[in-house]
Undergrad: 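Quick one: this structure, given as structure tokens, is what I'll be asking you about.
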Amino acid sequence: MDKLGILLINKPVGITSFDIIRRLRRITNIKQIGHAGTLDPFAEGLMQILVGKATKIAQYLTNYDKSYQVQLQFGIKTDTGDSTGQVIVEENLDYFPIDEDFLKAKVENLREQIPPIYSAIKVDGQRAYKLARKKQDFVMNPRPISISDFIIIDYSFPILTYKCKVSKGTYIRSLSEQIAEMYGTIATTIKLDRLSVSDSHIADAINLDDITSDNWEQFLLPIERFIDCPVIQLNEKQNSDYWFGREIQVPDQADADLVIVKFKDETKGIARVDKSVLQAKKVFK
């Protein structure tokens, strides 16, 4: 049986998300490995690594809220919005107070933001960061966002440490800049730690150095832990029909846009149920 599932990895600072995939390919001897959300090299924290045919469900894992702990530094602005970029503006600031209730209300009332130019968003078919590196002029359009559970962890001027939960598409680097704008100044994100993705938490993650070719399988988690949907168990004939893309009658199953399909202990794919008919969306061949 092909290995299929999700590894929760605690990404360290200083490496790319693809560095993790490259290393896990060597450890597992499996080429088909991806992720359900990247982290910048300067960032650390939780990553969901998809192993084997679990890569086919990436699109169903990217819509979840994520939570972060962040440090921003007031008074500096970099071209990337984080500590890896070039400082393009500096301001001499005097200490100013921050009222947590005021800031919480302002932040949680944000409904859109302009993403950083150094991002993977496509502009006219090209990645924004590639255009930015070429010093080309282009416009980043505002995107809808939602922020909740904002709290201040520490404020030691000019460093503000905060936590928050954000919707898909929210850029923390831009959020730190938005916070600074509320106080009429500038800021750059200097530390970023992803704490959770939906119901997965950093406490459940494994340090990359602790994974070996002998133990990695014990950390592999089933996809049904990460997708909130029904699981349908097939019999032998239904499994054959599913394999060949035939419709399957499931009279006792309620309609659902997404279900996980299993035969015995093996995940066979994902499907939908419409009027008691199981229709394959993805078959794990």
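Hydrogens, waters and symmetry mates play no part in the numbers below; they use all other heavy atoms, side chains included. We number each residue from 1, following the sequence as shown. All figures in this text were calculated on a predicted structure; none of them were measured in a lab.
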Undergrad: Before giving the answer on side chain to side chain contact (heavy atoms under 4.5 Å, CB included), spell out for Y242 and E247 the whole-Å C-alpha distance, their side-chain angles and the decisive distance to 0.1 Å.
TA: CA-CA 7 Å; Y242 189 80; E247 292 186 346; over 6 Å; no
Undergrad: I'd like to know if E90 pairs up with K77 as an ion pair, taking the criterion as any Lys NZ or Arg NE/NH1/NH2 lying under 4.0 Å from an Asp or Glu carboxylate oxygen.
TA: no
Undergrad: Look at the aromatic rings of F96 and Y155 and report parallel, tilted or perpendicular, splitting at 30° and 60°.
TA: tilted
Undergrad: With rounding to the nearest 0.5 angstrom, report the CD1 to OG1 distance, I33 to T55.
TA: 9.5 Å
Undergrad: Is there a side-chain contact between I223 and T267 (heavy atoms, below 4.5 Å)?
TA: yes
Undergrad: Take S176 and Y162, measure what side chain to side chain donor-acceptor pair (under 3.5 Å) needs, and give me the verdict at the end.
TA: CA-CA 10 Å; S176 291; Y162 65 91; 2.9 Å; yes
Undergrad: Which is it for Q238 and N235 under the side chain to side chain contact (heavy atoms under 4.5 Å, CB included) test, yes or no, and what are the steps along the way?
TA: CA-CA 5 Å; Q238 289 173 327; N235 59 37; 3.1 Å; yes
Undergrad: Under a 4.5 Å cut-off applied to non-hydrogen side-chain atoms, are Y183 and L93 in contact?
TA: no
Undergrad: Salt-bridged, R23 to D19, with N to O below 4.0 Å?
TA: no
Undergrad: Is there a path of hydrophobic side-chain contacts, each under 4.5 Å between heavy atoms of I, L, V, M, F, W or Y residues, that connects M182 with V89?
TA: no
Undergrad: Whether D79 and R133 form a salt bridge (side-chain N of Lys/Arg under 4.0 Å from carboxylate O of Asp/Glu) is what I want to check.
TA: no
Undergrad: Check this for me: does any side-chain nitrogen of one of E44 and R194 sit under 4.0 Å from a carboxylate oxygen of the other?
TA: no
Undergrad: Given K3 and E217, is the salt bridge (charged side-chain N to carboxylate O under 4.0 Å, His left out) satisfied, shown in steps?
TA: CA-CA 8 Å; K3 300 301 179 184; E217 291 184 39; 3.0 Å; yes
Undergrad: Checking side chain to side chain contact (heavy atoms under 4.5 Å, CB included) for the pair D65/V166: CA distance, chi angles, key distance, verdict?
TA: CA-CA 6 Å; D65 288 350; V166 302; over 6 Å; no
Undergrad: Are L192 and F74 connected in a single hydrophobic cluster, I mean Ile/Leu/Val/Met/Phe/Trp/Tyr linked by side-chain heavy atoms less than 4.5 Å apart?
TA: yes
Undergrad: Which residues pass the salt bridge (Lys or Arg N to Asp or Glu O under 4.0 Å) test with D40, sequence neighbours left out?
TA: R173
Undergrad: How about E224 and F226: do any of their side-chain heavy atoms sit closer than 4.5 Å?
TA: no
Undergrad: Under the criterion side chain to side chain donor-acceptor pair (under 3.5 Å), I'd like the reasoning laid out for T38 against S17: C-alpha separation, chi angles, the key distance, then a yes or no.
TA: CA-CA 6 Å; T38 188; S17 298; 2.8 Å; yes
Undergrad: Could you go through the side chain to side chain contact (heavy atoms under 4.5 Å, CB included) check for F284 and I57 one step at a time?
TA: CA-CA 10 Å; F284 294 168; I57 69 165; 3.8 Å; yes
Undergrad: Please tell me whether S156 and D154 have a donor and an acceptor in their side chains that are separated by less than 3.5 angstrom.
TA: yes
Undergrad: Okay, side chain of S174, backbone of I114: is any donor-acceptor separation there less than 3.5 Å?
TA: yes
Undergrad: I'd like to know if K104 and E108 make a salt bridge, using a cut-off of under 4.0 Å between side-chain N and carboxylate O.
TA: yes
Undergrad: Indicate yes or no for a side-chain donor-acceptor contact from T78 to the backbone of G81 under 3.5 Å, with no hydrogens or angles considered.
TA: yes
Undergrad: Do the non-hydrogen side-chain atoms of Q253 and L278 ever get within less than 4.5 Å of each other?
TA: no
Undergrad: Residues two or more places apart in sequence or in another chain: which of them pass salt bridge (Lys or Arg N to Asp or Glu O under 4.0 Å) with D228?
TA: none
Undergrad: Would you mind reporting whether Y171 and S119 have side-chain heavy atoms less than 4.5 Å apart?
TA: yes
Undergrad: Closest heavy-atom contact between P230 and L258?
TA: CD-O, 3.5 Å
Undergrad: Using a 3.5 Å distance criterion without hydrogens, assess whether the side chain of R272 forms a donor-acceptor pair with backbone atoms of Q279.
TA: no
Undergrad: Are I248 and V277 close enough that some pair of their side-chain heavy atoms sits under 4.5 Å apart?
TA: no
Undergrad: If we only count heavy atoms from C-beta on, is the D204 to F219 side-chain gap below 4.5 Å?
TA: no
Undergrad: Just by distance, no angles: are the side chains of T188 and Q73 close enough, under 3.5 Å, to form a donor-acceptor pair?
TA: no
Undergrad: Quick check: do R25 and I30 have side-chain heavy atoms less than 4.5 Å from each other?
TA: no
Undergrad: Counting distance only, does the side-chain N/O of D193 pair as donor-acceptor with the main-chain N or O of L46 below 3.5 Å?
TA: no
Undergrad: So, does S167 use its side chain to make a donor-acceptor pair with the main chain of S146 at under 3.5 Å?
TA: yes
